[in-house]
Amino acid sequence: MGPGIVILFSLFGVLNGQGGKQISIDECCKDGRVRGIDNQDCTAIPLISESTTCRIVQEQCCAAVLEDNICTSGINMAKDQGACDTQFTGSTCETKTAKMCCDCCLLGRAAREHGLTCDHSLSLGYQCGLVSRACCDDGAPDVETSNSLVSDKDNETLTEKENPLPNNMCSSGLAKCAQECVGNSTCACFKGYKLKPDGKNCEDINECLLGASNCRGGEHCINTVGSFRCQREVSCGTGYELTDSNNCKDIDECESGTHNCSPDFECHNTQGSFRCLPKNQCGDGYIQDAMGSCIDINECLAQTEPCRPGQLCMNTMGSFTCQRNSINCGRGYHLNDGGNRCVDIDECKGPDGACAGHGCINLVGSFRCECQAGFIFNSISRVCEDINECRHYPGRLCAHKCENVLGSYKCSCTQGFKLASDGRNCDDLNECESSPCSQECANVYGSYQCYCRRGYQLSDIDGINCEDIDECALPTGGHICSYRCNNTPGSFYCTCPATGYTLAPNGRSCQDVDECVTGTHTCSVTESCFNVQGGFRCLSFECPPNYRQAGEIRCERLLCNQTSECLASPLRITYYHLTFPTNIPVPTNVFRMGPSNTVPGDHVQIAIVGGNEGSFFSAQRVPSGGVMAVVQPITEPQDFELSLEMRLLRYGITSTYLAKVFVFVVQEHPIMPFQSRE
């Protein structure tokens, strides 16, 4: 014990130097054990000192208590049920510790049952070895330790028993016993210890593990070196404190000054609490409230018959008086002629009675009205009042509307309904029988709906009359007819221009009339008819000088006299006629020109040499010759006479060809001329 004492005193010096408050190492451990008993988190307990050493001692002592509790639960499970595998499941540290103690206890019990020594040579852990030996020794104590456990240990103190130096050595001096030496050089141990297997040294007995403590119910056993102590598991509660003897003692709040009584009150201590009593006492006839104020007692109400019969009690401040009671008849009574007693008043007597036309029944001190149907008697005003059946029975008397009348009620219906024969329900009214609509009428439940025939619409003003729909004036009217729309009552019809078009079978579109096919054109015999959209053209051509007509649309050059002017003129002039509508997309190829056959080495040039006023057309070369395309939008109908020239260089000789292209641009659809509307 000498080195241990030096270490403890050294640690105490460190604690005293680190903090301003004198805290011993025992106090740190005691606080940690208390918090361990309360199952607090040992890593987050409140510190009682700023010392790092004290914090470590708090946490370790707390953890030791928790570990002992967990281990004890495992030992108890082994002793009570004799099995561990099915009792402790999970992977938490607490579960593993409890199962380890349970298994090690079973190991010690098995060694005892098989007659083996409790101090086996297995390489078990330190704690497992202690538990195994404790469970093995439990029930079969050694001779050396049979007197080591005593039941009269002081379980109210926290001091540990020191290990005194051996003072009873054997006379021979050969036995080196750690504590005591008895006869025949046999070593023994003090109370609270047992002899180790070497027969000389002693180790502490854990009375808590062996169940040898005498702790009372509600107390927790904590093992100490050579002894044990008992500590309460539950705190004393408000108004009590725990004494050193492990008992609960009342806290005198009045003496300690922890009460909250005001200056006008005096503190009186009670078990677990205190009371605040007023310093000033009230006199007779008064009672003191919680604030110490004196309040008058109404003896007339607080006491039973404080006055003699025939007297009336009158309360006064702090007392009461008794006055002689005069005869005062209540409602429904009056004094008799002698003036000495009250008699009943017959309210039903008189010309009209008290019930105003209803039946009246006189009662002693009162009366009752037999009200007619539809009325109810008001016991306060004592008259018959009309029953508002509509309010008392909402939705149960009338199907639609209920109107209260004196003594009864009357039902009525909303618009579109008529009262049924039972006077309560409502039947639908067929408004169409009176022909409210100008055209068609459809009866609906509780109302009616007017609708119109095709080509008419219901008036937005009255919803009854039908107005003609001007289909031609609708936003989509321009799409109903391709040319002109003519409105009629309830309908419309389409027309086309007088000439060039006829109405299509759908009655809305205008289709072109081919005058050349129908023979309605005006071309002469020498002219040819060419149909265009909405009309026709009379065409004729004559070959220019030095050309002859080689077909219906072609002129060929005659033999030249080898003059340069003749040789430069086209070999062939061909006439073509094209027609297309306005606003075609640009660019659009409308004409193609090229040699009838191609020879390797041919070189072609193409150009518009006449008639392209406005530059609406353009010519460009392509591999097989050339094309003419519309390159600018043509928005108005007009005719063009274009001259498209092609030069072909073949075998070193240039030949010229000319195409006379007549282009008739017409309106795609007939347009109705603008008409102003008044």
Side-chain angles (χ1 to χ4, degrees), residues 415-416 429-523 529-538 579-586 588 630 633-639 663-678:
Q415 185 178 2
L429 180 63
N430 189 351
E431 296 88 351
C432 294
E433 293 178 354
S434 60
S435 302
C437 302
S438 63
Q439 288 189 1
E440 302 295 335
C441 176
N443 183 61
V444 295
Y445 188 72
S447 183
Y448 67 97
Q449 179 66 49
C450 295
Y451 63 96
C452 303
R453 304 184 187 97
R454 184 176 181 180
Y456 293 88
Q457 63 182 1
L458 204 61
S459 173
D460 295 333
I461 299 175
D462 54 15
I464 296 176
N465 294 308
C466 293
E467 300 173 348
D468 173 55
I469 299 175
D470 189 352
E471 294 85 355
C472 301
L474 294 176
T476 58
H479 302 286
I480 294 178
C481 299
S482 63
Y483 181 65
R484 175 175 292 170
C485 177
N486 301 276
N487 185 60
T488 60
S491 185
F492 68 96
Y493 66 94
C494 300
T495 57
C496 296
T499 59
Y501 292 92
T502 183
L503 196 62
N506 60 12
R508 297 189 178 188
S509 302
C510 293
Q511 62 184 17
D512 175 58
V513 176
D514 191 346
E515 294 88 351
C516 300
V517 174
T518 59
T520 57
H521 61 84
T522 58
C523 298
C529 178
F530 181 75
N531 185 66
V532 296
Q533 186 77 16
F536 62 93
R537 298 287 190 273
C538 294
T579 180
F580 53 80
T582 57
N583 296 312
I584 64 172
V586 292
T588 300
V630 179
I634 304 176
T635 59
E636 297 293 336
Q638 52 186 307
D639 297 343
V663 179
F664 307 110
V665 181
V666 297
Q667 191 70 41
E668 180 180 7
H669 298 290
I671 298 178
M672 191 174 115
F674 176 77
Q675 294 180 355
S676 61
R677 293 175 178 260
E678 295 294 335

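Every value quoted in this text rests on a predicted model; they were computed, and no experiment measured them.
Side-chain N or O atoms of Gln439 include one that pairs as donor or acceptor with a backbone N or O of Arg453 at under 3.5 Å. Side chain of Asp468 to backbone of Gly490: a donor-acceptor contact under 3.5 angstrom is found. Panel note: side chain Ser491, backbone Thr488; no donor-acceptor pair is recorded below 3.5 Å. One N or O on the side chain of Ser482 and one on the backbone of Cys510 form a donor-acceptor pair closer than 3.5 Å. For Asp512 (side chain) and Gly534 (main-chain N/O), a donor-acceptor pair under 3.5 Å exists by modelled atom type. Between the side chain of Ser438 and the backbone N or O of Cys466, at least one donor-acceptor pair lies under 3.5 Å.
With Pro581 as the partner, the side-chain contact (heavy atoms from CB on, under 4.5 Å) test is satisfied by one option alone out of Thr579, Asn583, Ile584: Ile584.
With values rounded to the nearest 0.5 angstrom, Phe492 atom CZ is found 6.0 Å from Cys485 atom SG. How far CD of Gln449 is from CG of Asn443: 11.0 Å, rounded to the nearest 0.5 Å. Annotation: the span from Cys516 atom SG to His521 atom NE2 amounts to 6.0 Å, rounded to 0.5 Å.
With contacts defined as side-chain heavy-atom distances shorter than 4.5 Å, the pair Phe580/Thr588 does not qualify. Looking only at side-chain heavy atoms (C-beta outward), Gln511 and Thr502 come within less than 4.5 Å of each other.
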- Give the C-alpha distance, both sets of side-chain angles, the deciding distance and a yes or no for side-chain contact (heavy atoms from CB on, under 4.5 Å) between Tyr448 and Leu429. CA-CA 9 Å; Tyr448 67 97; Leu429 180 63; over 6 Å; no
- Could you check Val517 against Asn531 for side-chain contact (heavy atoms from CB on, under 4.5 Å), going step by step and ending with a plain yes or no? CA-CA 9 Å; Val517 174; Asn531 185 66; over 6 Å; no
- Message: I'd like to know whether Cys437 forms a disulfide (SG to SG under 2.5 Å) with Cys450, so could you lay out the CA-CA distance, the side-chain angles of the two residues, the decisive distance to 0.1 Å, and finally the verdict.
- Response: CA-CA 6 Å; Cys437 302; Cys450 295; 1.7 Å; yes
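Of all non-hydrogen atoms in Val586 and Pro633, the two that sit nearest each other are CG1-N, 3.8 Å. Closest of all the heavy-atom pairs between Ser509 and Cys496 is O-SG, 4.2 Å. Contact record, Gln533 with Gln667: CG-O, 3.5 Å, taken as the closest heavy-atom pair. Minimum heavy-atom separation, Arg537 to Val532: NH1-CG2, 3.7 Å. Residues Glu471 and Asn487 come closest through the heavy atom pair OE1-OD1, 3.0 Å. Minimum heavy-atom separation, Tyr493 to Thr495: CE1-CG2, 3.6 Å.
Surrounding CG of Asp460 are at most 12 heavy atoms belonging to other residues, nucleotides or ligands under 6.0 Å away.
By the SG-distance test at 2.5 Å, a disulfide connects Cys481 to Cys494. Cysteines Cys538 and Cys529 have SG atoms no closer than 2.5 angstrom.
For the ring pair (Phe, Tyr, Trp, His ring centres under 6.0 Å) test, no residue two or more places apart in sequence or in another chain qualifies with Phe536.
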